[in-house]
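Down below is the structure, laid out as structure tokens.
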Amino acid sequence: MTHPFIRRTLLILIIGCSLAATGSGQGQPAWMELARTPPMGWNSWNKFGCNVSESLIRDIADAMVSSGMKDAGYQYIVIDDCWQVARDKNGTIVPDPERFKSGMKALADYVHSKGLKFGVYSDAGARTCEGRPASNGYEVEDARQYAAWGVDYLKYDWCNADGVDPKIAYPTMRDALKATGRPILFSMCEWGSNKPWTWARGVAHIWRTTGDIGDRWSSFTRLLDQQVGLEKYAGPGGWNDPDMLEVGNGGMKLNEYRAHFSLWCLLSAPLMAGNDIRNMTPDNHDILTNKDVIAVDQDPTEQGRRLRKNGDLEVWVKKVADKAQVVVLLNRGTADAQVAVSWQEIGLPYDAEPAVRDLWAKKDLGRVKGTFVATVPSHDVIMVKVTP
Ligand code: GLA
């Protein structure tokens, strides 16, 4: 006869082990691991809006590989709003049967066959922003359905959520996703309305800090200003999300896209391309796939921060591995301007002589003593890595 205490302990151990084996007891460390570094991928919204279909997603998956984006680190392909049209009589979400004829499972399989990951979108309210059926009250059903399709990423929006408490709604969906046993990266899109950076670590892997980005310089700088002070909340497992990339969508000049991409990388932002990657100009392609700049984004040492602002001229800095730092000089003005940063300002001895590499020119500038000075063109950046 085994003692009842030992029997109970054994039972708990057995249940614990089998839960761990099926993944439904997926612990916090494993879940956090899904975003040890900021996620990278592509999302349909910025370029295509509601014009999504399985042929688009397949083409994008093909282009992700053929363009070299996959090799550069982009991984998730996410269908934003408008893939869903109804719920059937059992409450199961129904994808648009015209636009997704082969079904979501087949599409996920296709994306996976390219070595990529597949994501969808829903909303914590009654309807999505485009009025499609959302997940409030259907969290468990929807999470199960996503897992059955092979979904790897859920973007979860905040429209039509009157009376819904985000601190309940987002954990409810997180728990439903975890309970499926499938690792699904959870992207919280609450637009920063309830200061998610103060409470979303452990709830979601990324949390939007702002309203929607627009394909304009003024939108980029407005969102950028909203990131100041949020750096301390980011780190492995949870990242501030200043919204997706507009690089290549046509509303900004090349230098402006370079500035947008550089700052998003300095901020360790999720890098979700939002352009038509099937038809990219070589210039936009080179921005999105600059490996040295992407490495800055993916370096988990810290999120960068604004060190100084003098009118239109700003200095941003991020610590990276091996005691190196990355400095971005940003010129928001309409004329070219000189910007200087002394090594003391970034915590080095006044007579330090670190090696400086220009990450866009892809050029070593040699050792620089005391102060680094550069001419920054209007609406552009100089981005350098400083290695003591
Ligand atoms: C909101 C989100 C956007 C996008 C749209 C889709 O505005 O913030 O990123 O998902 O909804 O309708």
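Indexing begins at 1, ligand by ligand and atom by atom, following the structure's order. Bear in mind the structure is a predicted one, so any value in this text is a computation, not a measurement.
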Report yes if some heavy atom in the side chain of [X] is under 4.5 Å from a heavy atom in the side chain of [Y]; otherwise report no.
| X | Y | answer |
| --- | --- | --- |
| Trp239 | Pro300 | yes |
| Val339 | Glu314 | no |
| Glu256 | Glu246 | no |
| Trp83 | Ile93 | yes |

Around [atom], find the nearest protein heavy atom and jot down its residue, atom name and distance.
| atom | answer |
| --- | --- |
| atom 9 (O) of ligand 1 | Lys155 NZ, 2.7 Å |
| atom 1 (C) of ligand 1 | Asp157 OD2, 3.0 Å |
| atom 5 (C) of ligand 1 | Trp45 CE2, 3.6 Å |

Element-labelled atoms of ligand 1 that are located less than 4.0 Å from some non-hydrogen atom of [X]:
| X | answer |
| --- | --- |
| Arg208 | 8 (O), 9 (O) |
| Cys129 | 1 (C), 11 (O), 12 (O) |
| Cys189 | 2 (C), 8 (O) |
| Glu130 | 12 (O) |
| Trp191 | 2 (C), 8 (O) |

Ignoring angles and geometry beyond distance, decide whether Asp212 reaches within less than 3.5 Å of ligand 1 through its nitrogen or oxygen atoms. yes
Sole candidate of Trp42, Trp264, Tyr257 that passes side chain to side chain contact (heavy atoms under 4.5 Å, CB included) when paired with Leu245: Trp264
Test Val381 against Trp360 for side-chain contact (heavy atoms from CB on, under 4.5 Å), laying out the working first. CA-CA 9 Å; Val381 290; Trp360 286 112; 4.1 Å; yes
For atom 12 (O) of ligand 1, state which one of Asn43, Asp81, Asp80 supplies the nearest heavy atom. Asp81
Partner of Tyr156 under ring pair (Phe, Tyr, Trp, His ring centres under 6.0 Å), chosen from Tyr170, Tyr146, Tyr121: Tyr170
Does ligand 1 have an atom that lies less than 4.0 angstrom from a heavy atom of Trp158? no
Under-4.0 Å heavy-atom contact with ligand 1, by part of Cys82 that carries it: neither
Around atom NZ of Lys195, are there more than 12 heavy atoms from other residues, nucleotides or ligands closer than 6.0 Å? no
